[in-house]
Amino acid sequence: MSVPARRLILVRHGETDYNRAGRYQGHLDIPLNGLGLRQAEAIGRRLAAWPLVRCYSSDLTRSMQTAGAIAAPHGLTVEPVPELREAHLGGLQGELIRSGNALQGDAGSIVDRHDVRARPADGESVLDVRRRVRRFLRRIELELPELPPGDVVIVGHGGSLQALTAVALGLSARDGHAFRFRNCGLTIVSSDALGGPMLVVHNDCGHYEG
């Protein structure tokens, strides 16, 4: 899939209490904790002088809070996008994170990404997430040519950003698992002069102090 001819700035939301406790979040609407708010402020300061022209975010609170800190210095309105939500993890949501080896069947497969079609009970597969982020990218392919030159911020979650990065770079669903996103790390996907996608920066946390 082609990437719009501008830079996409990808940011995972800041830390939540569920991140700190090692719990699955999925679609649970958990807000940022104190550290997460400071992380959001840090990435907001880093991007304050960048030429941002649009800010999209998962509609879950932790992402919207992060996106708000990025958008505010630019006077941008954050556009909530349900397609950027984390994978719905069904009955795993709220549970302590365990390796796939400690889980059974489809639940174990989706945690370790052994099977991109596997889904926990009442949840989503990797392919399900990939389909919805692909819909989002198709939509912004139509929207971005109407914007002035500049960078576009996309704030999401580990799972949705893995899927989005793989789609943008023309990689398989399984390949997306290679991209790990730290809380409020900076990732940039761009296009060269011929329109080909490039991963320019991944997981840069140089804006953190200490």
Side-chain angles (χ1 to χ4, degrees), residues 10-40 42-43 56-69 78 80-136 154-167 171-187 202-203 205 208:
L10 311 183
V11 178
R12 184 188 173 200
H13 62 80
E15 185 187 87
T16 70
D17 284 342
Y18 271 40
N19 288 147
R20 180 171 296 185
R23 293 186 180 277
Y24 297 109
Q25 292 184 107
H27 282 201
L28 296 181
D29 201 12
I30 312 300
L32 300 181
N33 61 19
L35 175 58
L37 290 170
R38 294 194 296 275
Q39 291 171 333
I43 186 67
Y56 299 98
S57 172
S58 157
D59 62 346
L60 295 176
T61 298
R62 55 193 183 271
S63 286
M64 291 292 290
Q65 288 176 299
T66 304
V78 178
V81 179
E83 289 92 341
L84 292 174
R85 284 190 177 197
E86 180 60 283
H88 196 303
L89 297 176
L92 292 177
Q93 295 183 164
E95 298 294 321
L96 287 171
I97 293 174
R98 296 168 288 169
S99 72
N101 292 332
L103 300 168
Q104 300 296 318
D106 286 349
S109 294
I110 192 171
V111 168
D112 279 350
R113 303 298 197 267
H114 290 152
D115 182 354
V116 296
R117 292 177 174 79
R119 58 173 60 87
D122 300 318
E124 290 182 296
S125 70
V126 172
L127 284 182
D128 292 331
V129 179
R130 182 180 173 92
R131 291 186 189 101
R132 55 180 166 84
V133 300
R134 184 186 289 275
R135 288 197 302 271
F136 164 70
I154 299 173
V155 181
H157 309 262
S160 60
L161 292 179
Q162 285 178 333
L164 188 149
T165 302
V167 171
L171 301 175
S172 72
R174 184 183 294 275
D175 289 332
H177 190 50
F179 301 101
R180 302 301 178 96
F181 288 84
R182 293 182 62 188
N183 294 116
C184 285
L186 174 66
T187 295
H202 180 53
N203 251 347
C205 293
Y208 288 171

Fill in the blank from the handout: Rounded to the nearest 0.5 angstrom, the CD1-CG distance for I97 and L92 is 10.0 Å
Exercise for the section: Say whether, by atom type as modelled, one donor and one acceptor occur between the side chain of Q39 and the main chain of E15 under 3.5 angstrom. Expected result: yes
Handout entry: N/O donor-acceptor pair under 3.5 Å between H27 side chain and E86 backbone
Key = yes
Problem - Pairwise distance CG(L35) to OG1(T16) - rounded to 0.5 angstrom - result: 10.5 Å
Exercise for the section: Assess the pair F181 and H202: is the distance between their ring centroids shorter than 6.0 Å? Expected result: yes
Practice task
Search all heavy atoms of A42 against all heavy atoms of Y208 and return the closest pair with its distance.
Solution key: CB-CD2, 4.3 Å
Completion exercise
Between A163 and R130, the two heavy atoms sitting closest are CB-CA, 4.0 Å
Completion exercise
So OH of Y24 and NE2 of H88: to nearest 0.5 Å the spacing works out to 15.0 Å
Handout entry: Heavy-atom closest contact (V116 atom, S125 atom, distance)
Key = O-CB, 3.4 Å
Problem - Rounded distance [0.5 Å steps], OG1 in T61 versus NE2 in H13 - result: 11.5 Å
Exercise for the section: Kindly compute the distance separating NE2 (H157) from CZ (R12), expressed to the nearest 0.5 Å. Expected result: 9.5 Å
Problem - E124 side chain near R85 side chain, heavy-atom distance below 4.5 Å - result: no
Exercise for the section: Compare all side-chain heavy atoms of F179 with those of L171 and state whether any distance is below 4.5 angstrom. Expected result: yes
Problem - S58 (side chain) donor-acceptor with G156 (main chain) under 3.5 angstrom - result: no
Exercise for the section: For atom CG of D175, decide whether the heavy atoms of other residues, nucleotides or ligands shown that lie under 6.0 angstrom number more than 12. Expected result: yes
Handout entry: Any side-chain heavy-atom pair of L164 and F136 under 4.5 Å
Key = yes
Exercise for the section: Please confirm whether the backbone N or O of S57 pairs with a side-chain atom of S63, one donor and one acceptor, at under 3.5 Å? Expected result: no
Handout entry: Pairing of R20 and D17 as salt bridge, 4.0 angstrom limit
Key = no
Practice task
Calculate, to the nearest 0.5 Å, the distance between atoms CG and CD belonging to N19 and Q25 respectively.
Solution key: 4.5 Å
Handout entry: L60 versus L28, closest heavy-atom pair with distance
Key = CD1-O, 4.4 Å
Fill in the blank from the handout: All heavy atoms of P80 vs all of D59, minimum pair found to be CB-CB, 3.9 Å
Exercise for the section: Taking the side chain as every heavy atom from C-beta outward, state whether V11 and T66 have any atom pair closer than 4.5 Å. Expected result: yes
Practice task
Count the heavy atoms of every other residue, nucleotide or ligand shown that sit under 6.0 Å from CZ of R132, and state whether that count exceeds 12.
Solution key: yes
Handout entry: Heavy-atom check, side chain of H177 versus side chain of Q162, under 4.5 Å
Key = yes
Practice task
Indicate the atoms forming the closest heavy-atom contact of S160 with V133, along with that distance.
Solution key: O-CG1, 3.8 Å
